Amino acid sequence: MLRIESLSKTYRTGDTALSDVSLEVPKGQILGLIGPSGAGKSTLIRCINRLVEPTAGAVWLGDVNLVTLGKAELRRQRRRIGMIFQEYALVERLTVMENVLSGRLGYVSFWRSFTRRFPPQDIQRAFALLDRVGLLDHADKRADALSGGQRQRVGIARALAQEPELLLVDEPTASLDPKTSRQIMRLLTEICAERGLPAIVNIHDVPLAQQFMQRIVGLRAGRIVFDGPPEALTHEV
Ligand code: ADP
Ligand code: ADP
């Protein structure tokens, strides 16, 4: 499904964030990325959809190598990848429903297309997603009126509205309290399991990763130092 081959990233500053990372994520697998701050977790997630440009290597999504695509084709292929962010990246002045629908249109084209009418099936799907994340009663509320946990639920629904084949999740609970973090992690992993949707979750909280992830990959100084099931993780990576 996703195959990363010898991925490397050296920033212009000379910092090497990833060195020769190879990783395969099969359909339906929920993989947690752990490792100390600066290990390269965020860079790895961002290189997959080229929010950060890799220096070398390949990222195969099915039989498409995302790394070699031109801008227009990259934009099209990115629709296959859902993103969930630490700070939610919601449009604060829009409603919950509008934020979810924005996932359907794609982040870039959203403003241009906003005044267009949405097809009824998009609206229906958005309501179904809001129901699934427990926010049906909040559809008309503005995003800036929600709690952190509710915002992240919107973030999840928005990513799913785009009907992705892969989810990239960057520290989804870093701004949330421990109880809300567990609720969000449970919701996220249940939804992925229901849909057979593979996910890579950058998760700095090791106990949380052990509780919810099927597979854990540990990074240190840009290299993979652990790859296995949570129960095989005996020491801090
Ligand atoms: P993590 O997500 O595990 O904390 P990052 O991927 O953010 O790690 O960072 C990995 C390394 O790359 C660190 O040394 C960091 O300083 C460096 N780095 C990250 N982003 C940039 C950037 N935009 N420019 C230069 N160096 C960066
Ligand atoms: P950066 O500031 O790191 O260069 P960008 O300019 O690419 O990031 O993106 C600006 C904002 O939009 C950020 O908050 C980022 O998280 C968010 N963003 C970028 N790409 C997407 C996407 N495909 N879907 C949703 N939000 C996105």
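Note that the numbering runs from 1 along the sequence shown for the chain. As the structure lists them, so they are numbered: ligands from 1, and atoms in each ligand from 1. Note that the structure is a prediction, hence the values are computed from the model and not measured.
With hydrogens left out, the protein atom closest to atom 19 (C) of ligand 1 is Tyr11 CE1, 3.4 Å, a heavy atom. Nearest protein neighbour of atom 13 (C) of ligand 1, counting heavy atoms only, is Gly38 O, 3.7 Å. Considering only non-hydrogen protein atoms, atom 12 (O) of ligand 1 sits nearest to Ala17 CB, 3.3 Å. In terms of protein heavy atoms, atom 2 (O) of ligand 1 is closest to Ser42 N, 2.8 Å. At the top of the distance list for atom 8 (O) of ligand 1, counting protein heavy atoms only, stands Gly40 N, 3.0 Å.
Compare Lys41, Arg220, His204, Lys9 by their heavy atoms: the one nearest to atom 3 (O) of ligand 1 is in Lys41.
In this structure, atom 22 (C) of ligand 1 is in close contact with the protein, since a protein heavy atom lies within 4.0 Å of it. Less than 4.0 angstrom separates atom 16 (O) of ligand 1 from none of the non-hydrogen atoms of the protein.
Residue contact annotation: Gly222 has no non-hydrogen atom under 4.0 Å from ligand 1.
A salt bridge does not link Asp144 to Arg93: none of the charged side-chain nitrogens sits closer than 4.0 Å to a carboxylate oxygen. Using a 4.0 Å cut-off between charged side-chain N and carboxylate O, Arg75 and Glu73 make no salt bridge.
With Gln152 contributing its side chain and Phe85 its backbone, the two residues share a donor-acceptor pair below 3.5 Å.
Atoms of ligand 1 lying under 4.0 Å from any heavy atom of Pro36, numbered from 1 in the order shown and given with element: 3 (O).
Between Ala39 and ligand 1, at least one pair of N/O atoms sits closer than 3.5 Å.
Contacts of Thr43 with ligand 1, taken as heavy-atom pairs under 4.0 Å, involve both backbone and side chain.
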